[in-house]
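Along the sequence shown, residues carry numbers from 1. Start at 1 and go down the list; that is how both ligands and their atoms are numbered.
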Amino acid sequence: MTDVMILAAGLGTRMKSRRAKVLHEIAGLPLVAHVLRAALRLTPEAIFTIVGHQAEEVERAVRDEAAYLVERGAAPTDLQFVLQAEQRGTGHAVMAAREQLKGRKGPLVLLAGDGPMIKAETLRRFAETHEAEGNAATVLTVEMDDPTGYGRILRDAQGRFARIVEQKDGSPEELAVREVCVSIYCFEVAALLAALDHLKTDNAQGEYYVTDVPAILLEQGRRVGVFCHDNPEEVPGINTRVELAALDARLRAAKLRELMLSGVTIVDPASTYIHLDVEIGQDTIIHPQVIIEGASRVGANCTVHSWTRLRNVTVEDGVTIRNSTVIEDTVLRAQATVGPFARLRMHAEVGEKAIIGNFVEVKKSKIGKGTKAQHLTYLGDATLGDDVNIGAGTITCNYDGVRKHETVIEDGVRIGSDTMLVAPVRVGRGSKTGAGAVVTKDVPPDSLAVGVPAVIKKKLQ
Ligand code: UD1
Ligand code: CA
């Protein structure tokens, strides 16, 4: 079985950031998470991630992504993290994992954490070629129009692989070569371990280069292969924020195209931001300047109006989300209407055909079927039944300064404008509150609560 190693210890000096480069995001995912996705699809026995800069954060990003993918059906793997305390080059990073590599049987696919575009299918063909050719090392290469910055592949007079020369070490003739190394290799582990002992730092950067390993293996009489891939789009390494933004734009355009071809209307692709894993049903219309992030799912026949942001939201069919609405970790049931200017968060659930209107905040609350809160309301830690009407200015006073308390509003209740519901409190089925009521005690069914604090006056009916 194959093992994978991801090099992710570097800071990424050219990013001019305090954040480790592999934690910077494209399409809503850290670079290293993109690499992990491709790696996991090889169903490797183990994935070794070399960490250094912000080791804990990088480890968390990898673990979180793996857990998320396993939850969505990926085969689990043995995740191992190796600390490279000081970053003295890509070869040095591999050396840090010597102990872990000893005794591993399968071939090792080595990837850089800053190469997010590689496809699992390419890696699979690459690893198969390595095995089929019986190589000690195989180097994935690509021809680039502008190879600046990449290690160049030097070949002998017969066109066979000779060695890799880094940008900073190459002569002008060597740097004229357009075939480059993209930091994707496959190694026989025993051969790799033997070669590591021979790495030197006599180069322009004074570093241990993993790019020297193939030439060392050749010297030792081992077989080294080259897998020349035909798609340069899959292999750029990210070194600057300019490259980061360019790749992000590319992934974004591809995602929008896929959605449009599957029957989603994207009114203005140039201003629409939709993350990789978002699913959207047929005939849904996404207006300009909408952002949909995380593991969101939007059903069919929905309309999402401008300046809206959804993150980890499940939207059933036929829902309308009006302008300038921000929704996180929430479920909107079929044909609900939300917004404009609404904010829903922390496991809110809006029932079928319910209406949440302008300047309404819903936090960790369940809103029943057909229930309406149309204006200027805060519903926190509340459970609302079906066909409830919430008057303008109503607030669930859910926090007593120490603890959060729950409000329950049963089916068919009419809450008058500007009612304060001082939780914990329950308003029984069919009851009403008068405008400006401050409800501090439970209201039995079919009652009217009025006043400050509300006195329960009489039974309705
Ligand atoms: C490397 C290759 C170069 C190749 C390019 C492709 C070397 C010497 N050069 O250069 O031939 O064309 O990638 O993108 O390998 N890292 C560590 N520890 C370290 C140094 C780096 O874990 O001590 C990690 C980084 O976090 C990064 C990856 O290795 O994810 C590549 O490092 P980077 O410095 O970006 O290498 P390049 O200069 O781009
Ligand atoms: Ca790089």
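Distances between N or O atoms of Gly151 and those of ligand 1 include at least one value under 3.5 Å. For ligand 1, the polar-atom distance check against Tyr209 finds no nitrogen or oxygen pair separated by under 3.5 Å. For Tyr185, no nitrogen or oxygen atom sits less than 3.5 Å from a nitrogen or oxygen atom of ligand 1, counting backbone and side chain alike. Between Thr211 and ligand 1, not a single N/O pair is under 3.5 Å apart. Checked by distance only, ligand 1 and Gln84 come closer than 3.5 Å through their nitrogen or oxygen atoms. Polar contact check, Ala93 against ligand 1: no nitrogen or oxygen pair lies under 3.5 Å apart. Checked by distance only, ligand 1 and Val210 stay at 3.5 Å or farther apart across all their nitrogen or oxygen atoms.
Salt bridge annotation for Arg333-Glu352: absent, with no cationic side-chain nitrogen under 4.0 angstrom from a carboxylate oxygen. Comment: Glu174 engages Arg163 in a salt bridge, judged by a side-chain N to carboxylate O separation of less than 4.0 angstrom.
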Would you tabulate the side-chain donor-acceptor contacts of residues 181-195 under 3.5 Å, counting partners in other chains and residues two or more places apart, or write 'none'?
from   : atom 1 : to     : atom 2 : distance (Å)
Glu188 : OE1    : Arg222 : NH2    : 2.7

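Thr90 CG2, 4.0 Å is the protein heavy atom nearest to atom 31 (C) of ligand 1. Nearest protein heavy-atom contact of atom 27 (C) of ligand 1 is Leu7 O, 3.8 Å. Nearest protein neighbour of atom 28 (C) of ligand 1, counting heavy atoms only, is Ala112 CB, 3.8 Å. What sits closest to atom 22 (O) of ligand 1 on the protein, heavy atoms only, is Ala9 N, 2.9 Å.
Sparse packing is recorded around CD of Glu406, with 12 or fewer heavy atoms of other residues, nucleotides or ligands lying under 6.0 Å away. Within 6.0 Å of CZ in Arg155 there are more than 12 heavy atoms belonging to other residues, nucleotides or ligands. Within a 6.0 Å sphere centred on NZ of Lys363, heavy atoms belonging to other residues, nucleotides or ligands number more than 12. Within a 6.0 Å sphere centred on CZ of Arg297, other residues, nucleotides and ligands contribute 12 heavy atoms or fewer. Atom CZ of Arg41 is surrounded by 12 or fewer heavy atoms from other residues, nucleotides or ligands within 6.0 Å.
Residue contact annotation: Asn239 places an N/O/S atom under 3.0 Å from the Ca ion (ligand 2).
Shortest non-hydrogen contact noted between Arg223 and Asn135 is CD-OD1, 2.8 Å.
The Cys181 neighbourhood of ligand 1 comprises atoms 4 (C), 6 (C), 11 (O), 12 (O), with distances under 4.0 Å to a heavy atom of that residue. Residue contact check: Tyr150 has heavy atoms under 4.0 Å from atoms 6 (C), 12 (O), 14 (O) of ligand 1. Remark: ligand 1 atoms within the under-4.0 Å shell around heavy atoms of Lys21 are 35 (O). Taking a cut-off of under 4.0 Å to the non-hydrogen atoms of Asn239, the atoms of ligand 1 that pass are 35 (O), 39 (O). Listed by number with element, the atoms of ligand 1 under 4.0 angstrom from any heavy atom of Asp114 are 30 (O), 35 (O).
When distances from the Ca ion (ligand 2) to the N, O or S atoms of Asp114 are compared, OD2 comes out shortest.
Evaluated by nearest non-hydrogen atom to atom 2 (C) of ligand 1, the leading choice among Gly10, Gly89, Ser183 is Ser183. Evaluated by nearest non-hydrogen atom to atom 34 (O) of ligand 1, the leading choice among Arg14, Met144, His92 is Arg14. Comparing heavy-atom distances from atom 3 (C) of ligand 1 across Gln205, Glu86, Glu166, Lys168 singles out Glu166 as nearest.
Proximity of Gln54 to Leu23: side-chain heavy atoms (C-beta onward) are separated by under 4.5 Å at one or more points.
Neither the backbone nor the side chain of Ala20 has any atom closer than 4.0 Å to an atom of ligand 1 (non-hydrogen atoms only). With a 4.0 Å heavy-atom cut-off, ligand 1 is reached by the backbone of Val182 but not by any atom from C-beta on.
Under the 6.0 Å distance and 45° angle rule, Arg252 counts as a cation-pi partner of Tyr273.
Ser17 and His24 share a donor-acceptor pair across their side chains, judged by distance under 3.5 Å alone.
Between Phe126 and Phe227, the ring planes lie perpendicular to each other; the angle is over 60°, past the 30° to 60° tilted range.
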*asked:* For Asn398 and Thr396: C-alpha separation, side-chain torsions, deciding distance, then whether side-chain hydrogen bond (donor to acceptor under 3.5 Å, both in side chains) applies.
replied: CA-CA 5 Å; Asn398 59 333; Thr396 54; 4.9 Å; no
